[in-house]
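My structure is below; once you've seen it, I'll send some questions.
Chain letters run A, B, ... following the sequence lines, proteins first and then strands; every chain starts at 1. Source: prediction; values computed, not measured.
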Amino acid sequence: MPELPEVETLRRQLRPELIGRTIVSGRAFSSAKFTQATDLVGVSITEVTRRGKYLLFELEDDRELIVHLGMTGQLRMEPSAAEPDQYERAAWLLDDDRRFVFRDVRRFGRIAVVDAGDYSSLPTLHHLGPEPFDRALTGAVLHAALRSSDRRIKTQLLSQRPIAGVGNIYADEAAWLAMVNPTWRRVTRPEAERLLDALRHVLADGIEHGGTTLRDYRTVDGGEGEHQRHLECYGRGGRPCSRCGTELVAKSIDARTTTWCPVCQRR
DNA sequence: ACTGTAACCTGCAGGC
DNA sequence: TGCCTGCAGGTTACAG
């Protein structure tokens, strides 16, 4: 499910519910990916932040609870009496008699409890690139980052190194908007400028629309996002480009389906 | 240090 | 109806 707009939507919804709440107890599905959820007893949440696709719950004891949603993760608030379903992977009982629940059908998600700021156990977070809306991230900075590798632009974006939080949907959307071909291995400085503008544009739109619900993604209240109604490129292979009418092409690029317009996204 | 590939999981849609 | 294959918002371990 979850790219930056989906995770940011959840962060904004969870923050007022969780700040100041004390975790009474935690339970977890019996897999090392989730069992650290049980390490939190009698500790309160002081802030809810985000880096890329990672949700960070700051705790009063200078630790952080980190949640990554994988492909199918969901976060919910429930009354403590609610029946857990078979896909619940972690749940925390709060001092207001509600449960904060992590549900994840495919179990690609992950729960970690770390000392504040110590991300060495999560390689992608540890080496995460700048936030898309960080003012220090300029076209020149993105250009330099993309030049440091010969991998395809799409692959580099998905690596989380040049910029944080971009996944398959928003990578295809931004490349289309910027008229940059995702299969290129190098971009010019002006192309990098356009790509950064486009990334910011599609991510901001995604947040504005509460995220993209294709299958599993749900907001905290169980609702769907709206951004799937605004997609111009992702998932539209074989259909006409809304800019020029040419049939969009979909091919597997480094094992991820990638869609682009062979006319607009051409030099 | 970097890169490509397989692996981790389950559900669902489409073809036969 | 049922079986089989391929595909899905991601990250990470491992081999070269």
task: Look at Arg21(A) together with Glu17(A) and state whether they make a salt bridge at an N to O cut-off of under 4.0 Å.
output: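 Salt bridge flag = no for Glu17(A) with Arg21(A).
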Output one line per pair: protein atom, nucleotide atom from nucleotides 2-4 of chain B, and distance, for all N/O pairs under 3.5 Å.
from   : atom 1 : to        : atom 2 : distance (Å)
dT3(B) : OP1    : Ser149(A) : OG     : 3.1
dG4(B) : OP2    : Arg151(A) : NE     : 2.9
dG4(B) : OP2    : Arg151(A) : NH2    : 3.2

field: Rounded distance (nearest 0.5 Å) linking atom CG of Leu248(A) with atom OG1 of Thr258(A)
entry: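 Here the interatomic distance stands at 12.5 Å.
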Residue closer to the 5' end of DNA chain C, Ser121(A) versus Arg106(A) (nearest nucleotide):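 This one resolves to Arg106(A).
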task: Side chain of Tyr54(A) only, please: which of dT11(C), dA8(C), dG10(C) is the nearest?
output: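 Minimum distance to the Tyr54(A) side chain belongs to dT11(C).
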message: How many whole angstroms separate atom CG of Asp172(A) from atom P of dA8(C)?
response: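 Rounded to the whole Å, the gap is 11 Å.
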- request: Remember a base hit wins even if backbone is also touched, and classify Tyr234(A) as base, sugar-phosphate or nothing at under 4.0 Å, heavy atoms.
  value: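 The residue Tyr234(A) makes sugar-phosphate contact but no base contact.
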message: Would you say that Tyr119(A) contacts Leu56(A) through its side chain, given a criterion of any heavy-atom pair below 4.5 Å between the two side chains?
response: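 They are in contact (side-chain heavy atoms under 4.5 Å apart), so the answer is yes.
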query: Between Arg256(A) (side chain) and Ser252(A) (backbone), is there a donor-acceptor pair under 3.5 Å?
result: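 Answer holds: no.
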- request: Give a yes or no answer on whether the side chain of Gln265(A) reaches the backbone of Cys261(A) with a donor-acceptor pair at less than 3.5 Å.
  value: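 Such a contact is found between Gln265(A) side chain and Cys261(A) backbone.
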Same-atom distance (P) from dA7(B) to dG6(C), integer angstrom: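 Taking atom P in both dA7(B) and dG6(C), they lie 15 Å apart.
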- request: Compare the ring of Phe108(A) with the six-membered ring in the base of dC9(B) and state whether they stack (centres under 5.5 Å, planes under 30°).
  value: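 Aromatic stack with dC9(B) absent for Phe108(A).
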message: Taking 4.0 Å as the cut-off, does a side-chain nitrogen or oxygen of Thr72(A) come that near to OP1 or OP2 on dA8(C)?
response: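 Thr72(A) to dA8(C) OP1/OP2: no side-chain N or O under 4.0 Å.
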query: At under 4.0 Å, does any side-chain N or O of Thr124(A) touch on OP1 or OP2 of dT12(C)?
result: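 It does, given that an N or O in the side chain of Thr124(A) lies less than 4.0 Å from OP1 or OP2 of dT12(C).
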task: Report yes or no: is the cationic atom of Arg89(A) (NZ for Lys, CZ for Arg) closer than 6.0 Å to the six-membered ring centre of Phe29(A), at no more than 45° off its axis?
output: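 Positive - Arg89(A) is close enough to the ring of Phe29(A) and near enough to its axis.
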Geometric cation-pi criterion, Arg243(A) with Trp176(A): 6.0 Å, 45°: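 Geometry flag: set, cation within 6.0 Å and 45°.
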Length of the line joining Asn168(A):CG and dT11(C):P, which is rounded to integer Å: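 From Asn168(A) CG to dT11(C) P: 11 Å.
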query: What is the distance from CZ of Arg215(A) to P of dG10(C), rounded to the nearest Å?
result: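 For the pair Arg215(A) CZ and dG10(C) P, the rounded distance is 11 Å.
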- request: Identify, with sequence neighbours excluded, every residue that meets side-chain hydrogen bond (donor to acceptor under 3.5 Å, both in side chains) alongside Asp96(A).
  value: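 Applying side-chain hydrogen bond (donor to acceptor under 3.5 Å, both in side chains) to Asp96(A) gives Arg98(A).
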query: Starting at CD1 of Ile169(A) and ending at C1' of dA8(C), how long is that distance when rounded to a whole Å?
result: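 Taking CD1 of Ile169(A) and C1' of dA8(C), I get 10 Å after rounding.
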- prompt: Is there a donor-acceptor pair under 3.5 Å between the side chain of Thr72(A) and the backbone N or O of Arg106(A)?
  reply: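 Indeed, once roles are kept as given, a pair shorter than 3.5 Å links the two residues.
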query: Reckon Lys53(A) touches a base, only the sugar-phosphate, or nothing at all at heavy-atom distances under 4.0 Å?
result: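 Counting heavy atoms under 4.0 Å across all strands, the contact made by Lys53(A) is with sugar-phosphate only.
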- prompt: Mapping Thr213(A) and Arg110(A) onto DNA chain C by nearest heavy atom, which one lands closer to the 5' end?
  reply: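 Result of the comparison: Thr213(A).
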message: Expressed as a whole number of angstroms, how long is the span from Met71(A):CE to dT11(C):P?
response: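 Met71(A) atom CE is separated from dT11(C) atom P by 10 Å.
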- request: With P as the reference atom in both, quote the distance from dA6(B) to dC7(C) in angstrom, rounded to an integer.
  value: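 Their P atoms lie roughly 14 Å apart.
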- prompt: Given atom NE2 of His68(A) and atom C1' of dC8(B), what is their separation to the nearest angstrom?
  reply: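 After rounding, the reported distance stands at 14 Å.
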field: Separation of atom CG in Leu69(A) from atom P in dT10(B), rounded to whole Å
entry: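 To the nearest whole Å, that distance equals 18 Å.
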- prompt: Using a distance-only test with no angle check, is there a side-chain donor-acceptor pair under 3.5 angstrom linking Thr188(A) and Glu191(A)?
  reply: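 Indeed, the side chains of Thr188(A) and Glu191(A) share at least one donor-acceptor pair under 3.5 Å.
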task: Treating a pair as Watson-Crick (purine N1 to pyrimidine N3 plus N6-O4 or O6-N4) or G-U wobble (N1-O2 and O6-N3) with both distances under 3.5 Å, list the stems of 3 or more consecutive pairs that involve DNA chain C.
output: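 Consecutive-pair runs (3 or more) involving DNA chain C: B:2-8 with C:10-16, B:10-16 with C:2-8.
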- prompt: For Gln160(A) and dG10(C), is the shortest distance between a side-chain N/O and OP1 or OP2 below 4.0 Å?
  reply: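 So the side chain of Gln160(A) is outside the cut-off, no N or O lying under 4.0 Å from OP1 or OP2 of dG10(C).
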Gap between atoms NE2 and C1', on His127(A) and dT11(C) respectively (whole Å):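 Between C1' of dT11(C) and NE2 of His127(A): 13 Å.
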